[in-house]
Every structure is written in C-alpha cells, then in structure tokens.
Amino acid sequence: MNGSADVLVGCFPPVAADDATVLILGSMPGKRSLDAQQYYAHPRNAFWKIIGELTRTPPHTPYARRLKALRAAHIALWDVLHSCVRHGSLDSDIEQEQANDFATFFAQHPHITRVFFNGGKAEQSFRKFVLGKQTLPSLELVRLPSTSPAHAGMRYEEKLDAWKAAMGLRA
C-alpha cells in the first residue's frame, strides 16, 4: 500500500460499435482517468499514442474523436473489472475485484472474436473472475505489453511492434 486511502472505484461504460471485431481490455481506470472520466488519461500512458498509430488518429485529437476512431476501426474498449477497491493507480493496488458482465457484452457484440489484454493484470483478472464463470463465445485471448508508464521494462517501439503484430499490421 502506498499510503493512499482505500477507495471503491467503478469502471467506465464500454466503447463499442455493433460491428466491433476486437476488444481491448484494461483492468480498471487509474486515478487520472477517473478524475478526467476518460480511458487512459495519464499523459505518460502510451495507449492513445499506440492506438493513434493503429488508427491514424493523432493522440492529441479530442477524446470523443479518438473514441470514434476506435469504433470506426472495429475496436471495442472496456475494463475487466466492474468495480474494485484501489489504494492508488497501480494495478498492484487493486483488491476486492468484481468482474463486468461479459456474457451480455459478447451477446450484444457477436462479431468480436479476439480479446487483447493491455497488460498482465487485465489478463489475470479475466482468467480468474470471468473464464469458466461466465458463458462466453470462442475467443482468441492475447496479452499485449502494458501501455502503462509503470511498465518501463520495454521500449515504446517494442510495445508498438507487439500491438501492430496483434492487430495484423506490419511492425
């Protein structure tokens, strides 16, 4: 624990068009994102920079237009966790996890066949709280390098190459 108070936090609604084919899952928004009410609002998080490369949308584009670009690229965005207690912004600060309702989500988005986890915590939580506990379609599950600034063990270019490869783009 980093000295921050325990706070019960909840996720944002999913960003998803009816024709989405890919779902990117994070674990739970951090403090900056919760304060801004935007996915991946921390200025050092590489998510929007990487997505900008994949969708040809500059990361400084207004948030609503970035979300529109995601939907136009058939990419959905959500978090594994519906709610949790969080002591800070690090994934290691997450406790008392409650998963989102993926059975309903996938029933409403039947074209999604691939799920990309933005880092290990998202994948770990999905495997622990969703797989085998909710009725899901057949899915390809892929863990990608976290875009978080806390995941500094990999250079941006390496992260971008991994994300491009997962999306079927040339690295």
Between Ser33 and Phe12 the two heavy atoms that sit nearest each other are O-CZ, 3.3 Å
Is there side-chain contact between Tyr39 and Arg66, with heavy atoms separated by less than 4.5 Å? no
Can you confirm whether Cys11 sits close enough to Met28 that some side-chain heavy atom of one is under 4.5 Å from a side-chain heavy atom of the other? yes
Closest non-hydrogen atom pair, Asn118 against Gly26: CB-CA, 4.5 Å
Can you confirm whether Thr57 sits close enough to Trp48 that some side-chain heavy atom of one is under 4.5 Å from a side-chain heavy atom of the other? no
Between Glu140 and Thr113, is there a side-chain heavy-atom distance shorter than 4.5 Å? no
Is the closest side-chain heavy-atom distance between Met167 and Ile75 below 4.5 Å? yes
Student check: side-chain heavy atoms of Thr21 and Ile112 closer than 4.5 Å: no
Aromatic ring pairing Phe47/Tyr40, orientation class (parallel under 30°, perpendicular over 60°, tilted between): parallel
Side-chain contact test, heavy atoms from C-beta onward, threshold under 4.5 Å: evaluate it for His109 versus Leu23 and give yes or no. no
Under 6.0 Å between ring centres, would you say that holds for Trp78 and Phe102? yes
Heavy-atom side-chain proximity of Pro29 to Asp79 below 4.5 angstrom: yes
Test your reading of the model: is there a side-chain donor-acceptor pair from Lys159 to the backbone of Ser146, 3.5 Å cut-off? yes
